[in-house]
Each structure stands twice: as structure tokens, then as C-alpha cells.
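Taking it in order: structure first as C-alpha cells, then the write-up.
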Amino acid sequence: MRNITAKSEDFSKWYPEIIRKAALADYAPIKGMMVIRPYGYAIWEYIQAHLDRRIKSSGHENAYFPLFVPESLLQKETAHLEGFSPEVAWVTQGGADELEERLAVRPTSEAIIGHMYSKWIKSYRDLPVLINQWANIVRWEKVTRPFLRTTEFLWQEGHTAHETQEGAQEETLKILALYKEFSETELAVPVLSGEKTEKEKFAGAQMTYCIEGLMSDGKALQMGTSHDLGQNFAQVFNIRFEDREQTLQYAWQTSWGVSTRLVGAVVMCHGDDSGLKLPPRVAPVQVVIVPISVGDWKETVLPVARQLEVSLKQAGIRVKLDAREEFTPGWKFSDWEMRGVPLRLEVGPRDVKNNQALSARRDTREKQPLSLENIADPVLKLLDDIQNNLLQSARKFQKENTHVVGDYAEFKTVLEEKKGFLKTFWCGSAECENQIKEETMATIRVVLMEEDRDSGDGGCICCGKGSQEQVYFARAY
RNA sequence: CGGGGCGUAGCGCAGCCUGGUAGCGCACAGCGUUCGGGACGCUGGGGUCGUGGGUUCGAAUCCCACCGCCCCGACCA
């Protein structure tokens, strides 16, 4: 008896189903909006905690800006406005009164933050400004999917201002590297990193960098972006300061963000036919203890299980004892596997007699008895192994699904038959980029930065013109 | 936003064609027996049939509009 659709059979049915069955989120009664349930929100909270620590230790501080952006501010940066206007939600009324000026529900906060920075930044001594905010934003998207693209989503957005162009560039790349390290260490999701093309870059940015993950259906997912804004926003918001030579300069800015989409990435990258597989570092429950309820188990087994729970808790492990009487052990095994708990410990009469617990890994399904003496040590070791193994498996998958292609016919065949990332050369023209997208639905996910490129050049996959621009194409979410 | 599919109990569905007492499985509640990989028996509760309008003596069923979900495209964290 199976109660979830197998991932291998129908990925696009599996995904929303597992989101709901595992109680990560549920549809709200508003188009494109979801309720993040406690189990899903806990994952987000661990993501936040791990990322917030990195953001702060790299010198940034958290602050909070308003939800609403006056239309006049949003309009200042033309490219920015054009990029976002199709998906902005507007507030036109307050109570019974029509507003004199429409208020945008922030689709991102560059505008209102730019406005504030112009008041705060007067001297080179005020720089750099390194601020991050955790917030919700609204984008009126036409097609939505839980976590991957919702009308409202939660994210962090960093907004920094610098004295020099180099300062801003350095910040942009520093965050890009931080995101990559974060994704791989905490989410066990390996990512490519590089530049976006002109077509794909952030509205109003000078250059956009991103990290891209490969989901297990062979489609790419943009997991984070870091933008070098140059002086675009500083010029229209008048963020000027007196530099060391006493001349007036516009500030150099960056912005960068990751969102609740990352929860979707974890689900899609690691899940299998039995459900979720959560990396221990973001798993709300790292270890579940299932007592085997036979005979006088409440007197014999349960006290041992409780003691086990206490000792794991003391070691800082997120542990749950599932002592519910209305379910059989077998049912609990399947349920917690579906919910992605990395490690299960079974405690039954046999284990009590042998002073042990039987461990079962979610990732490999390996079972191994562990002595109850100092059990936290091997449990921590196992959680570490699982975290590591998830990353290695995902890396292996990414490698196996990355194909170097040289000509367009091969490009199309590989894309159709194997999916995944296609590594190739591109001449840099929007014409070729558009043509490929039109014909194959594949987009350039990243343009490799110089230091990541293979030496030498190749012909553009589309027009054949010689080029050093090495890129990864994929179909994407 | 275009093309297609779907919306009936928490979930999965039948009933609709041919209008006339709203059903099945799982889940849920109670009791009992079970429990080392999704247990079983008995009893029971739960429905504005997505929403609004129309046709009709009578609408889950026929007609219209809207909303939502899924898939495939056009646009995006």
C-alpha cells in the first residue's frame, strides 16, 4: 500500500504531493499563495539561522524597511520599473479613502532602500553600508508552484553601498561565494556559479551573478543571486558622498538574495520515491526514536527510549520520540521516511536486552546496531556521514547529468534525451541566446567566470563563431 | 496569458452521458485484539457536490460566468 506518487514515475505530480503529505505547506485560499506549516517553516528557520550567521560574520547587520514602496520611488530607475511592473501588487486605498499616491507592495526593496541610503550616506566615512533584511515580498506571478514560485515569498535581501567600484564588485563576488558554500555545506546541494547574461540579469543591475542547482528531474533551479548594481540606483536616488579628495561621488551598490525557494530545492534535489530526504543540518527532526510496542513495552522498552531521547537531546541533537500508540512501528517507519528524517533509532525488547538501539539511515537505508553507552557520538557521526553522502550523491548526479556538447544537433539530442546541464560555448549575442531558447526551451543558466573556464576557445553552439564564453545551458524552473 | 485536463467528506475516486434518497476505499472517533517494515474486527462521525447565476416541479448531473489546481507553451527568486 503506497500513498504517495513515486518520484521516478511522475516528478511533477510527486513534488506538490510530497509538499502536502509531509506537511511542509498547504495551499492558501488565494491564488498562488501557500501556508508554510510548522515542519516546512522549521526547515526555513534552519536555513535562516545558518545563513544569518554567515551574513553577520561577514560584517553585515540586519535591519527592516517598509512593506510599501511609493510609486514615485519605484519609478525612478527605469529598467528596474520595467522589469518589475508586470508583477507588482498595488495598494490604492487606505480604510475608506482613496490614496493620493499608489503604494507598491515591495517586489524587492532597492527603491525604498536607495531612498533611505541617500539620506544616510554623506561621506566616505559612512561607507561601506552593509545591511541585510529578512522580509516577505510579493510578485504577481502567472504560474506558481509551492516554494519554487509563490505570489508572496520570504527571503533575505542584502543591500550594500561602497566607496569604489572595486568595493562593490568584491562584495558581489564575496556573497556569491558565500551562497555557494552555504548551499553545499548546509543544504547539500551542489551549485554552479557564474554570471547571468544581459537577458537574464536583474532589472536595474549592471551585472548579475547566481548559483544554479540541478534538480533530480534534470531541470535547473536558480537558487540565489548577487547583483552588482554599479551606480545605477545611486544616480537616480542621489546617493552621493564626499570622497577622500573632497569631490562628490555616487556610491557603488550591490544587492543579493535567497528565498524560501531553497526549501523547494532541498525537496527536489534529494527526495526519492519514498518521499523527502532532509540533510541533517536543516532537518527539523534529525533523529526519530521508534519504540517497538510489543507486550509490556511500556514498562520495558519505553523507559529506555525516553532515556535515549534525553541523552541525544543533551548532545544537542534534534530528536523526537514517537511513542504514539495508535500506529504500528512499520507505519511509523514509512511515515518518518516520507517526512525525510535522516536517522531512525528503533528500540525493541531485543535491543533493551542487548543494551543497544538499531539505527536506520534514510539515505542508504543501512541498518546498524549502536550500543546505548555514549550513543550520541556514533549518532553525530552518522548524521555527519548522511549530510556528506547527500552532497556526494547530488554531486555525482550533477556530474552525470552535465554534458559537454560541441554542435547544435548534438545539443538538441542530448537536451531531449538526457536533460541536465549542457556545457558549451556561446558567442555572446542575444540573437543566438533567443534562438536557442525558442527552439529548445533551454536558457543560459550561467556564463562561467574567466577563472572557471577551460583554456582555449570553441565555436558558438548556435552560429559557430569563435568564442571564449563558456556557458551552461539547461531547461529551468 | 494561450492550449489541454480536472474540481463530489481530510486524501484518492465512482456517480454526470440518460436530472428524481449523495456513494466507495483510505484517513478520522470509540471499544477490543495487535505491533521488529504501512495490522485486524465491530461500531460510529463527517458533504454549501469549487463559487455565483440560469433552465426545470426537481440540478452533483443540463447551460452561462467566475475561481482554483495540474500539464504543455509565452514571462519570472
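Proteins get letters first, then strands, A, B, ... in listed order; numbering begins at 1 in each.
- Distance from the side chain of A:Met441 is smallest to B:A74 among B:A74, B:C75, B:A77.
- Remark: B:C1 base-pairs with B:G73; criterion is Watson-Crick or G-U wobble with both hydrogen-bond distances under 3.5 Å.
- Taking the side chain of A:Pro146 as heavy atoms from C-beta on, and the options B:C70, B:G37, B:A77, the nearest nucleotide is B:C70.
- Here A:Thr225 does not reach the OP1 or OP2 of B:A77: none of its side-chain N or O atoms lies under 4.0 Å away.
- Of the charged side-chain nitrogens involved, at least one lies within less than 4.0 Å of a carboxylate oxygen, so that A:Glu186 and A:Arg53 count as a salt-bridged pair.
- Distance from the side chain of A:Glu141 is smallest for B:A77 among the nucleotides B:C35, B:A77, B:C69.
- B:G32: Watson-Crick or G-U partner is B:C40, with both key distances under 3.5 Å.
- A:His80 and A:Phe233 have perpendicular rings, their planes meeting at more than 60° on a 0 to 90° scale where under 30° would count as parallel.
- Side-chain N/O atoms of A:Tyr27 include one lying less than 4.0 angstrom from OP1 or OP2 on B:C70.
- Comparing B:C1, B:C28, B:G38 by their nearest atom to the side chain of A:Phe327 picks out B:C28.
- You'll find that the side chain of A:Pro329 is closest to B:C35, out of B:C69, B:G38, B:C35.
- For an aromatic pair to be called close, the ring centres must be under 6.0 Å apart, and A:Tyr179 with A:Phe182 fails this.
- B:U61 sits 13 Å from B:U55 when the C1' atoms are compared, rounded to a whole Å.
- Taking the ring centroids of A:Phe202 and A:Tyr209, they lie at or beyond the 6.0 Å cut-off.
- Annotation: B:U8 and B:C1 have their C1' atoms spaced 30 Å apart (nearest Å).
- Ranking B:C75, B:G36, B:C69 by closeness to the A:Pro349 side chain, first place goes to B:G36.
- In a base pair of the Watson-Crick type (N1 to N3 plus N6-O4 or O6-N4) or a G-U wobble (N1-O2 and O6-N3), with each distance short of 3.5 Å, B:A59 is matched with no nucleotide.
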